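Below you'll find the structure, written out as structure tokens, and then a few comments.
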Amino acid sequence: MGLGPRSPHKVGRRFPADGKRGRGAKGSGRPLPGSKRQPWPPPDRRSEPPPDSHPHLSPEALGYFRRALSALKEAPETGEERDLMVHNIMKEVETQALALSTNRTGSEMLQELLGFSPLKPLCRVWAALRSNLRTVACHRCGVHVLQSALLQLPRLLGSAAEEEEEEEQEGKDGKDGPTETLEELVLGLAAEVCDDFLFYCGDTHGSFVVRTLLQVLGGTILESERARPRGSQSSEAQKAPARECKPADFEVPETFLNRLQDLTSSFLKDIAVFITDKISSFCLQVALQVLHHKLPEFCAYLCNAVIGYLSTRSSSVDGSPLLLFLRDQTSSRLLEQVLLVLEPPRLQSLFEEHLQGQLQTLAAHPIANFPLQRLLDAVTTPELLSPVFEELSPVLEAVLAQGHPGVVIALVGACRRVGAYQAKVLQLLLEAFHCAEPSSRQVACVPLFASLMAYEVYYGLMEEEGAVPAEHQVEMAAARALGDVTVLGSLLLQHLLHFSTPGLVLRSLGALTGPQLLVLAQSPAGSHVLDAILTSPSVTRKQRRRVLQNLKGQYVALACSRHGSRVLDAIWSGAALGARKEIAAELGEQNQQLIRDPFGHHVARNVALTTFLKRREAWEQQQGAVAKRRRALSSILED
């Protein structure tokens, strides 16, 4: 960061940045995504039975299921022929369910087949596996099959009543049906897991079944589960962190919620194990998320139990015993989840009793800074933001220099969410990035924030400590290509653009040249900054137009970019007829290039470029009608 006389830090130092929200940063103390918190359990745990104990799946059987699955994918989506095909395949699956589940290739095919299966065949397969639950649940391949079967419930529960009526009729006709309903099978699985709860939660593979079961019983499938593809994964997919997203809810019987409460009680019996054991702790974290959405009173009870237990452990030298656990790899992850699901009054009291006066220490710690980020993410009231801001605001530059920018971004996000301290935090950011004084440097704040670099580092200046900062050179800034846009830098700019007065950031964006703005729009992270310009209610139409006009002359390059084409589509959606004419005219000059480009041809179709070039009047009528419908829809939404 190039620091002047305002700070004791070393001159010319770069802010360490971690593009994956800090979890895989060098020296952060956190394991790389996928290394210890794997999306699928690794094949190295004690519980898996010896390979010889599993039934063997012959090559002929494997070939049959491979051909059957291929034929099923090619068959029409509906019709008697497809129904008969599914019935026959699942009949064969039922006879070899255990062998398929414990074979790597077979389990992958079975997971896909379960996605095609109607209710009754799936129940029969489930019943066939139930007698070998521990074998399957604790097998590195079988666990995926059980997860896939459980994840079919949102699809099948709605048709369960109709299927049960058909079963009754078939029983009268003398046909065989499944001995148990889907609800009974799930409750039976939950009962068996509950009887040996500590074992399943502590097993590397079995814990995945518990986590999925908790979600199904609560009628809430978390994003981490929905985003996970069935079957084998590439190393890239395994390392990709799950994105935060609202859970997908579905209706479940009252008996499911009752069983979920029973499992919640099982956590309380061995709370110490679930707090300190790395594998078991994941089950408690999922339980907190599910309970938060479906049974908030039980969630609060469980959180109080966790906090109460930790608060009674050995005292910390510098304050609450909770501080020791915030610095621990395992318990800190659990506390992150606790902080996210606590109700505002309880969060306020937790802060006052255990964390107040310790935030600067936590922000500097390689592990404890992550629970601090979750605390900031959970702030929703001015009463909590005020003491937190006053404690952290003096050390923003030091936190950035220590390589924990996630703390700063989370604090800015809290200011955006609560609507307080926005001007103060922006001024502190300008000072931290050394572009507050002289005031001419402020126009350069966007490239600095995006790249998480101080002014001297970004522009390669050699300023001695204590020297008067040089004025900003517009020509130098225009000649320099835009630096790499980091994920956290993009998030910082998105927050600032949603502040009540984003004028300074917009002026800095307007000072970017066309090529620089193009690089921002083409960047995977930077393209979301353009999204914020287009969607922020704080950005006026005039301000938006002033920034976007610098993209004139860059529309073809934008259209032929993976991320830029998405930005151009968003710009087009909100553009008036006059602006659409300008965009279409510029794109029309390179029509053939667009048609040949894998991204450009989609833009050309969206713009109706062929119609624009050949039948201008018809194109204008079409676009006018679209604009009229958009205005009508906007007025309805506003009302």
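Along the sequence shown, the residues carry numbers beginning at 1. Since the structure is predicted, the reported quantities are computational estimates derived from the model, not experimental observations.
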Under the side chain to side chain contact (heavy atoms under 4.5 Å, CB included) test, residues paired with [X] that sit two or more places apart:
X      : answer
Leu534 : Arg544, Leu548, Ala570, Ile571
His528 : Ser490, Gln494, Asp531, Arg566
Ala378 : Leu347
Thr501 : none

Please check: side-chain N/O of [X] versus main-chain N/O of [Y], any donor-acceptor pairing under 3.5 Å?
X      : Y      : result
Ser527 : Pro524 : yes
Asp203 : Phe199 : no
Glu391 : Gln358 : yes
Ser331 : Phe325 : yes
Lys294 : Gly219 : yes
Thr212 : Val209 : no
Arg259 : Leu217 : no
Gln215 : Leu222 : yes
Gln427 : Ala423 : no
Asn132 : Thr135 : no

Determine all donor-acceptor pairs shorter than 3.5 Å in which one atom belongs to a side chain in residues 296-308; sequence neighbours excluded.
| from | atom 1 | to | atom 2 | distance (Å) |
| --- | --- | --- | --- | --- |
| Asn304 | OD1 | Arg346 | NE | 2.8 |
| Asn304 | ND2 | Ala300 | O | 3.2 |

Considering all heavy atoms of both residues, which atom of [X] and which atom of [Y] are nearest to each other, and what is their separation?
X      : Y      : answer
Val412 : Val425 : CG2-CG2, 4.0 Å
Thr220 : His293 : OG1-CB, 4.3 Å
Pro537 : His498 : CD-CD2, 4.0 Å
Ala368 : Arg327 : CB-CG, 4.1 Å

For [X], what residues pass the side-chain hydrogen bond (donor to acceptor under 3.5 Å, both in side chains) criterion, not counting sequence neighbours?
X      : value
Ser523 : none
Thr255 : Glu183
Gln422 : Ser500
Gln356 : none

Taking salt bridge (Lys or Arg N to Asp or Glu O under 4.0 Å) as the test, write out the residues that go with Glu192, two or more places apart.
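With neighbours one apart ignored, the set is Arg130.
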Check the pair Gln373, Asp377 against side-chain hydrogen bond (donor to acceptor under 3.5 Å, both in side chains), reporting the backbone distance first and the verdict last.
CA-CA 6 Å; Gln373 292 178 41; Asp377 290 341; over 6 Å; no
Intermediate values then yes/no, side chain to side chain contact (heavy atoms under 4.5 Å, CB included), Phe389 and Leu428:
CA-CA 11 Å; Phe389 185 85; Leu428 290 170; 3.9 Å; yes
Donor-acceptor contacts, no H, no angles, side chain residues 381-388, under 3.5 Å, sequence neighbours left out:
| from | atom 1 | to | atom 2 | distance (Å) |
| --- | --- | --- | --- | --- |
| Thr381 | OG1 | Leu384 | N | 3.4 |
| Ser386 | OG | Tyr421 | OH | 2.9 |

Per-pair distances, 0.1 Å, donor-acceptor, side chain in residues 260-275, under 3.5 Å, sequence neighbours excluded:
| from | atom 1 | to | atom 2 | distance (Å) |
| --- | --- | --- | --- | --- |
| Thr264 | OG1 | Leu260 | O | 2.9 |
| Ser265 | OG | Gln261 | O | 3.2 |
| Ser266 | OG | Asp262 | O | 3.3 |

Within 45 degrees of the ring normal and closer than 6.0 Å to the centroid, is that where the cationic atom of Arg211 sits relative to Phe208?
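So Arg211 does make the cation-pi contact.
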Answer yes or no for Arg374 and Phe370: cation-pi contact, defined as NZ/CZ to six-membered ring centre under 6.0 Å and angle to ring axis within 45°.
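Checked: cation-pi criterion not met.
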Student check: side-chain heavy atoms of [X] and [Y] closer than 4.5 Å:
X      : Y      : value
Leu133 : Leu146 : yes
Leu362 : Pro371 : no
Leu429 : Val408 : yes
Phe256 : Leu153 : yes

Are Gln289 and Gln285 close enough, and set up right, to give a side-chain hydrogen bond (donor to acceptor under 3.5 Å, both in side chains), and what steps lead you there?
CA-CA 7 Å; Gln289 296 178 67; Gln285 292 172 45; 5.9 Å; no
Please lay out, stage by stage, how Val252 and Leu257 fare under the test side chain to side chain contact (heavy atoms under 4.5 Å, CB included).
CA-CA 8 Å; Val252 293; Leu257 296 177; 4.2 Å; yes
